[in-house]
Amino acid sequence: MKDERGLYYHPQAGNSRARVYVRRGRDGEVEFRLWQADHPEVWERHPWLSLNVVQNAARLYKEERNREADPLKLYDLAVARTLLREDEA
C-alpha cells in the first residue's frame, strides 16, 4: 500500500492503526519507519532505520525492558522487499 508517507504494510493482522513504512536507503538497503495512529510521536522521534539497526535496538529492548517482547515481529524484510520490487516495476 502507499500513501503520502510512502510504501507501507500493516505489521499486525487486523490492526490498521499501525504501519511500517519501507524505502531504499542511499546504499540500496531496505529501511523501515514505524507509524502508529495512537502514538504519532513515534514517527517524529524515530528516523528511517536499517534492519541491522532495528535488530540491535530490539536486542537491547529485550535485554533492558522486556525479555518476553519481540519487536522484530513488526519488521518483515520479505514483505518490504516485495513492496519495493512491485513499486519499482
Side-chain angles (χ1 to χ4, degrees):
M1 291 169 270
K2 192 172 190 177
D3 67 10
E4 68 281 353
R5 288 185 187 93
L7 292 172
Y8 70 90
Y9 63 90
H10 296 289
Q12 300 162 319
N15 180 2
S16 62
R17 300 185 61 76
R19 298 176 182 169
V20 174
Y21 285 84
V22 298
R23 73 176 188 186
R24 289 209 189 276
R26 291 181 189 170
D27 62 356
E29 186 177 15
V30 175
E31 295 180 334
F32 298 88
R33 192 166 181 189
L34 181 63
W35 175 86
Q36 295 176 313
D38 298 331
H39 301 285
E41 69 278 4
V42 170
W43 180 266
E44 299 303 322
R45 283 195 325 236
H46 298 284
W48 288 93
L49 304 169
S50 69
L51 185 58
N52 187 43
V53 170
V54 169
Q55 290 168 332
N56 289 334
R59 181 183 45 77
L60 286 174
Y61 184 85
K62 288 179 80 164
E63 289 174 3
E64 297 176 2
R65 292 193 180 185
N66 184 350
R67 291 196 185 285
E68 305 302 316
D70 187 3
L72 289 178
K73 287 184 178 180
L74 299 175
Y75 302 93
D76 190 321
L77 186 58
V79 170
R81 284 180 174 158
T82 298
L83 282 173
L84 290 165
R85 199 169 32 250
E86 289 175 359
D87 189 61
E88 294 163 353

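In this chain, numbering begins with 1 at the start of the sequence shown. Keep in mind it's a predicted model, so treat the numbers as computed, not measured.
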**Asked** Given the rule that I, L, V, M, F, W and Y join up when any side-chain heavy atoms are under 4.5 Å apart, are Val54 and Tyr61 in one cluster?
**Response** no
**Prompt:** Could you walk me through whether Leu49 and Glu31 pass the side-chain contact (heavy atoms from CB on, under 4.5 Å) check?
**Reply:** CA-CA 5 Å; Leu49 304 169; Glu31 295 180 334; over 6 Å; no
**Message:** Show the nearest heavy-atom pair for residues Val22 and Tyr9, with the distance to one decimal.
**Reply:** CG1-CE2, 3.9 Å
**Prompt:** Mind checking whether Leu7 and Met1 have side chains closer than 4.5 Å, heavy atoms only?
**Reply:** no
**Asked** Would Arg23 and Tyr21 count as a side-chain hydrogen bond (donor to acceptor under 3.5 Å, both in side chains) if you check the C-alpha gap in whole Å, the side-chain angles of each, and the deciding distance to 0.1 Å?
**Response** CA-CA 7 Å; Arg23 73 176 188 186; Tyr21 285 84; over 6 Å; no
**Side chains of Leu34 and Tyr75 in contact at under 4.5 Å (non-hydrogen atoms)** = yes
**Minimum-distance pair of heavy atoms, taken over all atoms of Ala18 and Pro11** = O-CD, 3.4 Å
**side-chain contact (heavy atoms from CB on, under 4.5 Å) evaluation trace for Phe32 with Leu77** = CA-CA 9 Å; Phe32 298 88; Leu77 186 58; 4.3 Å; yes
**Request:** Kindly say whether Trp35 contributes a backbone atom to a donor-acceptor pair with the side chain of Tyr8 at under 3.5 angstrom?
**Result:** no
**Request:** Please round to the nearest 0.5 Å and tell me the distance separating atom CG of Asp38 and atom CG of Asn15.
**Result:** 8.0 Å
**Asked** Would a 4.5 Å heavy-atom cut-off, applied to side chains only, mark Arg19 and His10 as touching?
**Response** yes
**Message:** If hydrophobic clusters are built by linking Ile, Leu, Val, Met, Phe, Trp and Tyr wherever their side-chain heavy atoms come under 4.5 Å apart, do Trp43 and Val20 end up in the same one?
**Reply:** no
**Request:** List the steps and the verdict of side-chain contact (heavy atoms from CB on, under 4.5 Å) for Gln12 and Leu74.
**Result:** CA-CA 7 Å; Gln12 300 162 319; Leu74 299 175; 4.0 Å; yes
**Crowding at CZ, Arg81 (>12 non-hydrogen neighbours, <6.0 Å)** = no
**Item:** Reported OG1-to-CZ distance for the pair Thr82 and Arg85, which is rounded to 0.5 angstrom
**Value:** 4.5 Å
**Asked** How about Leu72 and Gln55: do any of their side-chain heavy atoms sit closer than 4.5 Å?
**Response** yes
**Message:** A side-chain contact here means heavy atoms from C-beta on lying under 4.5 Å apart; do Arg33 and Arg5 qualify?
**Reply:** no
**Asked** How far does CG of Leu51 sit from CD of Glu29, to the nearest 0.5 angstrom?
**Response** 7.5 Å
